[in-house]
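Below: the structure, in structure tokens.
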2 protein chains.
Amino acid sequence: MAKERSYSSLIARLKAGGLRPTRQRLALARLLFEGGDRHLTAEQLHSEAEESAVRVSVATVYNTLHQFTKVGLLREVVVEPGRSYFDTNVDDHHHFYFEATGDLQDIPSDRLRVRELPEPPEGTRIERVDVVVRVRNLET
Amino acid sequence: MAKERSYSSLIARLKAGGLRPTRQRLALARLLFEGGDRHLTAEQLHSEAEESAVRVSVATVYNTLHQFTKVGLLREVVVEPGRSYFDTNVDDHHHFYFEATGDLQDIPSDRLRVRELPEPPEGTRIERVDVVVRVRNLET
DNA sequence: ATAATAGTTTGGAATTGTTCTAAACTATTG
DNA sequence: CAATAGTTTAGAACAATTCCAAACTATTAT
Ligand SMILES: [Mn+2]
Ligand SMILES: [Mn+2]
Ligand SMILES: [Zn+2]
Ligand SMILES: [Zn+2]
């Protein structure tokens, strides 16, 4: 029942974004949104799909991640060159980045404030402020 | 004269980092450090070298950028997936990122403060805090 | 239902930025 | 002037991502 619920809410969210609720998009949406806040690479999501016996191509995983990002269901996080993470938490927040493992952890925006943000240069507006707190294992 | 000066100071800086002052490293160091604060990709630096008739391979540009970063002459900045910027300003500071052009502009750390930085997770220490203020052209 | 249309998916090729490799070269030291 | 260790290089290899054109599917119109 909860499953049906979230299913139709997912369909509604896709439609709201002008995206047809296809088999692939629904399957990926469930993997993404039915497990709380997540930070995934395209490759990780594709692996999860395979493990769940969802047949979907790599190209579609990329297409879907970008489409979801465009309609505000996801947010892209850049912390290291060479790969993008997609974040199911689209609220304003920041991140711890664990260099050792490549994991991301949310920092709610009320736990970290950026003060004295300077004026953006002439003719531009601020799109977003990203704070990445890079942490390393304490060497013993 | 100023040229000789900076030349020998560059040599000294390389030696301090345990790097031999080779023709290629000196040429790249001059391009990097004789023009104020800069934010360059490997490819941009390689193009500048070619334009200045400095013959140096792509592999050496990458090697050099990473070696300079390791010894503290440069700092790596990640703002978009797929390519790294190298920053000649190694002081503590943050960045405006112009999505339209891919340019970076420094924000001195006294112009932007991060407050209420949360405790790092158990067993880790904060390595660095990166703030990227993404700006876009004001649509008219 | 059916057909027409527009949107979607797909495998594989292509592209991009970066790293690797092993052979040739060069700075430093004795 | 060796001998040595460090450096450079072209090109191959690699990883992540994007592109492509053909096959497929959801939606809309009849
Ligand atoms: Mn992207
Ligand atoms: Mn690097
Ligand atoms: Zn997050
Ligand atoms: Zn900078």
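Computed from heavy atoms alone, side chains included, the values below leave out hydrogens, waters and symmetry copies. Chain letters run A, B, ... following the sequence lines, proteins first, then strands; residues in each count from 1.
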Fill in: Between D:dA15 (C1') and A:Y85 (OH): distance, integer Å
14 Å
Worksheet entry | Distance, rounded to the nearest Å, where B:R55 contributes CZ and D:dT8 contributes P | 13 Å
Fill in: Atom-pair distance (CD on A:E80; C1' on C:dT19), nearest Å
15 Å
Fill in: Side chain of A:R25 - closest among D:dT9, C:dG11, C:dG7
C:dG7
Worksheet item: Is the shortest side-chain N/O distance from B:Y62 to OP1 or OP2 of C:dT18 below 4.0 Å?
Response: yes
Worksheet entry | Integer-rounded Å distance: D:dA10 C1' and B:E50 CD | 14 Å
Discussion item. With a cut-off of less than 4.0 Å, is there a side-chain N or O of A:H46 near OP1 or OP2 of D:dA16?
Written reply: no
Item to complete: Can you tell me the distance, in whole Å, between the CG atom of B:L40 and the C1' atom of C:dG17?
Response: 16 Å
Fill in: Selection from C:dT9, D:dT9, D:dT18 that lies nearest to any side-chain heavy atom of A:T60
C:dT9
Worksheet item: Would B:H39 and B:D106 count as a side-chain hydrogen bond (donor to acceptor under 3.5 Å, both in side chains) if you check the C-alpha gap in whole Å, the side-chain angles of each, and the deciding distance to 0.1 Å?
Response: CA-CA 9 Å; B:H39 303 89; B:D106 284 348; 2.8 Å; yes
Worksheet item: Is A:D130 paired with A:R75 through a side-chain N to carboxylate O contact shorter than 4.0 Å?
Response: yes
Worksheet item: So, does A:R111 use its side chain to make a donor-acceptor pair with the main chain of A:H94 at under 3.5 Å?
Response: no
Worksheet item: Backbone N or O of B:D92 within a donor-acceptor pair of the B:S109 side chain at under 3.5 Å?
Response: yes
Item to complete: Treat primed atoms plus P, OP1 and OP2 as sugar-phosphate and everything else as base, then score nucleotides 20-30 of chain D 5' to 3': B for base contact with protein heavy atoms under 4.0 Å, S for sugar-phosphate contact only, - for none.
Response: ------BS---
Practice prompt. For B:T88 and B:R38, indicate whether the former's side chain and the latter's backbone hold a donor-acceptor pair under 3.5 Å.
Written response: yes
Worksheet entry | Given DNA chain C, 5'-ward residue of the pair A:G18 and B:R83, judged by closest heavy atom | A:G18
Discussion item. If I take atom CG in residue B:L45 and atom P in nucleotide C:dT18, what distance separates them, rounded to the nearest angstrom?
Written reply: 12 Å
Worksheet, complete the sentence: Rounded to whole Å, the CG-C1' distance (B:L19 to C:dT28) equals 14 Å
Worksheet item: Within the distance-only criterion (no hydrogens, no angle test), does the side chain of B:R134 pair as donor or acceptor with the backbone N or O of B:V79 below 3.5 angstrom?
Response: yes
Worksheet entry | Separation of C:dT16 C1' from B:Q44 CD (nearest whole Å) | 15 Å
Fill in: Proximity of B:H46 and B:Y62 rings by center, below 6.0 Å
no
Discussion item. Just N and O in the side chain of B:Q24: are any of them under 4.0 Å from OP1 or OP2 of D:dT9?
Written reply: yes
Discussion item. Check the phosphate of C:dT19 against B:H66, side-chain N and O only, distance under 4.0 Å to OP1 or OP2. Yes or no?
Written reply: yes
